[in-house]
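Before any comments, here is the structure.
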Amino acid sequence: MPETNCPVCFGPLETREMAPCYDCGENPEELEHFRQGDHTYAVYEIFPGLELTLCDFCSDDFNAYNPEFFGLPRHTKIDFNNLKMVCEVNQPSLRMGQACADCGLRLEFARFVVRAREMHNPQSPS
C-alpha cells in the first residue's frame with residue numbers, strides 16, 4: 001500500500017515527476033537543470049548504513065544542513081568528508097515520485113531523515 005503522508009511532518013504526499021537527487025529532485029527548477037544536463041548524480045553513504053542519491057550541487061552543499069535536523073548534537077560538523085561515494089549514477093532519468101505538499105521533502109529524503117534521527121536518538125520518537 002503506497003504511503004499517503006510524509007514521515008517527517010505527516011503532511012500529504014503528492015506524486016509528480018522528479019530528477020534523481022533525493023534532496024532537490026522534487027523542485028520543478030531541478031527538472032529543467034536535469035534536462036539541460038547541469039548536474040551529475042551519485043549515491044552516497046551519509047551515515048553508516050544510510051544512503052542518498054544526490055546531485056553534485058547537493059553533495060557539495062550538504063554541510064548547510066543543521067545537524068539537529070538529523071538528530072545530531074547542535075555543534076556536530078557535517079561536511080563533505082561525511083559523504084562516502086558508493087557509486088555514480090551513470091544513466092540518470094526522470095521518474096515519478098512522491099514529495100510532501102507541506103514541508104517539500106521528497107519521500108526518500110524524508111525516510112532518510114527519520115532513519116537518521118532514530119540512529120542518533122534511539123530512545124526519542126522521530
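Everything quoted here is computed from the prediction, not taken from an experiment.
For residues 18-35, the set of pairs meeting the salt bridge (Lys or Arg N to Asp or Glu O under 4.0 Å) definition, not counting sequence neighbours, comprises Glu17-Arg35. Within the structure, the salt bridge (Lys or Arg N to Asp or Glu O under 4.0 Å) test picks out the following pairs touching residues 42-55 (sequence neighbours left out): Glu45-Lys84.
Here the CG-NE2 distance, from Asn27 to His33, works out to 8.0 Å after rounding to the nearest 0.5 Å. A distance of 11.0 Å separates CZ in Arg117 from CZ in Phe112, rounded to the nearest 0.5 Å. The OG1 atom of Thr15 sits 6.0 Å away from atom CE of Met96, with the distance rounded to the nearest 0.5 Å.
Hydrophobic clustering (side-chain heavy atoms under 4.5 Å, transitive across Ile, Leu, Val, Met, Phe, Trp, Tyr) keeps Phe57 apart from Leu52.
By the side-chain hydrogen bond (donor to acceptor under 3.5 Å, both in side chains) test, Asp38 pairs with no residue at all, sequence neighbours left out. Every residue two or more places apart in sequence or in another chain was checked for a side-chain hydrogen bond (donor to acceptor under 3.5 Å, both in side chains) with Glu88, and none qualifies. When the side-chain contact (heavy atoms from CB on, under 4.5 Å) test is applied to Thr40, the partners found at least two apart in sequence or on another chain are Asp56. By the side-chain hydrogen bond (donor to acceptor under 3.5 Å, both in side chains) test, Glu14 is found to be paired with Arg16, residues two or more places apart in sequence or in another chain being considered. When the side-chain contact (heavy atoms from CB on, under 4.5 Å) test is applied to Ala42, the partners found at least two apart in sequence or on another chain are Tyr44, Met85. For the salt bridge (Lys or Arg N to Asp or Glu O under 4.0 Å) test, no residue two or more places apart in sequence or in another chain qualifies with Arg95.
Judged by distance alone, the side chain of Arg111 and the main-chain N or O of Pro7 form no donor-acceptor pair under 3.5 Å.
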List the atom pairs, donor and acceptor, that lie under 3.5 Å between side-chain atoms in residues 100-110 and the rest of the protein, sequence neighbours left out.
from	atom 1	to	atom 2	distance (Å)
Arg106	NE	Glu108	OE1	2.8
Arg106	NH1	Ala19	O	2.5
Arg106	NH1	Cys21	O	3.2

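Looking at Cys55 and Cys24, their side chains come closer than 4.5 Å, going by heavy atoms from C-beta outward. By the 4.5 Å heavy-atom criterion applied to side chains, Leu54 and Ile46 are counted as neighbours. Inter-residue side-chain proximity for Leu13 and Thr4 is flagged as unmet; no heavy-atom pair is nearer than 4.5 Å. You'll find the side chain of Glu68 stays beyond 4.5 Å of the side chain of Thr76, heavy atoms only.
Smallest separation of non-hydrogen atoms from Cys9 and Cys6: N-SG, 3.5 Å.
Between Phe47 and Phe70, the ring center distance clears the sub-6.0 Å criterion.
Cluster partners of Phe34, using a side-chain heavy-atom cutoff of under 4.5 Å among ILVMFWY residues and allowing indirect links, are Leu31, Tyr41, Val43, Val86, Val89, Leu94.
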